[in-house]
There are 2 protein chains.
Amino acid sequence: MSGEDNLLRLVEAEEPDENNYHLQDQVGFILRKAHQRHVAIFASHIADLTPPQFAALAKLYDIGETSQNQLGTLIAMDAATVKGVIDRLKARGLVELSKHEVDKRRLLVNLTPEGREAIERLIPLARTITEETLAPLTAKEAATFLRLLAKLA
Amino acid sequence: MSGEDNLLRLVEAEEPDENNYHLQDQVGFILRKAHQRHVAIFASHIADLTPPQFAALAKLYDIGETSQNQLGTLIAMDAATVKGVIDRLKARGLVELSKHEVDKRRLLVNLTPEGREAIERLIPLARTITEETLAPLTAKEAATFLRLLAKLA
DNA sequence: GCAAATTCATTCGTATGCAAATGATATCAA
DNA sequence: TTGATATCATTTGCATACGAATGAATTTGC
């Protein structure tokens, strides 16, 4: 039997082929693609705000005024990233900044009336985005997926 | 009964509370966090290459020479993004570029011997990264998760 | 065979995302 | 009290990521 025959047998047998590395099966690669798809769905429903910007507004709407750093912790952004996001929201008049009276290091962030109006208007769209992202799964699968995803995150 | 009593009852009853929007329960937000965690794990094992750079090398190792655009399609990057990734890999001598003889629009990308050596050295580490990323799940959960994640991506 | 449409690559602009360094302030501990 | 630490915010540099516009080359449709 030739070497080519051996190769052929391996393919035809459909064995797990554990020696080869398949990028498209790696959790990191699929995670990246799933995230990309979600961001695209988000953009198709909410064109004038990015997911991180929406996250900042939604969290401020939820908890009220807080420091820039604390907000970053709550929405999983480091200090440098959250600064850029808040700067852009401020430039658009959706949040306002003020100095903490006692701790002079802190920069307090809060929604403006326009920001509050925006997030109230967008939350229904966000529910649609979540639905559409999970649409390839049944309700039961979606629940399982969210449970396992939360364990990973 | 006062309005405040009604609010209190709602909280105490631990009802699904479907009227409130909780960012931390949304699939997009958790997806973003899970991806962040994976990238951090990746960086802790492979410090001198990013996940997209690794993906490009791994795919070239898998399929051999291909055009820049085709490579982008295979590793889920648009043309602008893949160009930056390939430029940096080229600057480090891990890939080499050449013109397609027939179709003069195409830019062919291939591994250099150094690139081949690098990816062969890194693939075992990539397996460790996948393992560590999935470590919070049991083997059965991980299989379920990957199946559902693939349906989403 | 040729005009229209498509494909490939590049460039620009904008927005995360993170490491590292810095400066200001606050807290802790001897 | 003061010196060491820690925290908060900012800045810089680098690396994705994508939309939009552009130009070159190819393919399609009639």
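Throughout, protein chains are lettered first and strands after them, A, B, ... in sequence-line order, and every chain is numbered starting at 1. Any value given below was found using the heavy atoms of this structure, including those in side chains, with hydrogens, waters and symmetry copies removed.
Looking at heavy-atom distances under 4.0 Å, A/Val102 makes contact with sugar-phosphate atoms alone, never a base. When heavy atoms are screened at a 4.0 angstrom cut-off, A/Val39 is found touching no nucleic acid atom at all.
Residues A/Gln24 and A/Lys33 bring no donor and acceptor atom of their side chains to less than 3.5 Å of each other. In the model, B/His45 has no side-chain atom that pairs as donor or acceptor with a side-chain atom of B/Thr128 under 3.5 Å.
The shortest distance between the side-chain N/O atoms of A/Thr50 and the OP1/OP2 oxygens of C/dT16 is below 4.0 Å. Taking side-chain N and O atoms only, B/Arg32 has a distance below 4.0 Å to OP1 or OP2 of C/dG17. Taking 4.0 angstrom as the limit, B/Gln36 places none of its side-chain polar atoms (N or O) nearer than this to OP1 or OP2 of C/dT16. Side-chain N/O atoms of A/Arg105 include none lying less than 4.0 angstrom from OP1 or OP2 on C/dG23. When the side-chain nitrogen and oxygen atoms of B/Arg88 are compared with OP1 and OP2 of D/dT16, one or more of them lie within a distance under 4.0 Å. Considering only side-chain N and O atoms, B/Gln70 lies nowhere under 4.0 angstrom from the phosphate OP1 or OP2 of C/dC8.
Comparing D/dA9, D/dA25, C/dG17 against the side chain of A/Met77 picks out C/dG17 as the nearest. Picking from D/dG19, C/dG17, C/dT10 the nucleotide with the shortest atom distance to the side chain of B/Asp78 gives D/dG19. For B/Gln68, whose side chain is taken as the heavy atoms from C-beta onward, the closest listed nucleotide among C/dT10, D/dA9, C/dC18 is C/dT10. Of the listed nucleotides (C/dG17, D/dC18, D/dT10), C/dG17 has the atom at the smallest distance from the side chain of A/Pro52. Residue B/Lys83 places its side chain closer to C/dT10 than to any other of C/dT10, C/dT25, D/dA17.
Both A/Asp103 and A/Ala76 lie near DNA chain C, and the one whose nearest nucleotide falls closer to the 5' end is A/Ala76. Residue order along DNA chain C, read from the 5' end via each residue's closest nucleotide, puts B/Asp87 first among A/Gly84 and B/Asp87. Along DNA chain D, the nucleotide nearest to A/Ala79 and the one nearest to B/Gln53 differ in position, and the one closer to the 5' end is contacted by A/Ala79.
One interatomic measurement links the two molecules: CG of B/Asn69 to P of D/dC18, which rounds to 14 Å at whole-angstrom precision. Rounded to a whole Å, the CZ atom of A/Phe29 is 10 Å from the P atom of D/dA17. Between the P atom of C/dT25 and the NZ atom of A/Lys99 lies a distance of 10 Å, rounded to the nearest Å. As rounded to whole Å, 12 Å separates atom C1' of C/dT16 from atom NE2 of B/His35. The distance between atom CZ of A/Arg106 and atom P of C/dA26, rounded to the nearest whole Å, is 10 Å. A straight line from CG of B/Asp48 to C1' of C/dA19 spans 16 Å, rounded to a whole angstrom. Between the C1' atom of D/dA6 and the NZ atom of A/Lys104 lies a distance of 19 Å, rounded to the nearest Å. Note: CG (A/Leu49) to P (C/dT14) measures 17 Å, nearest angstrom.
Ring centroid separation for the pair A/Phe29 and B/Phe42 does not come in under the 6.0 Å cut-off.
The number of heavy atoms from other shown groups lying within 6.0 Å of NZ (A/Lys151) is above 12.
In this pair, A/His35 and B/His35 present their aromatic rings parallel. The plane angle is below 30°, not in the 30 to 60° band.
To the nearest 0.5 angstrom, A/Glu65 atom CD is 9.0 Å from A/Leu60 atom CG.
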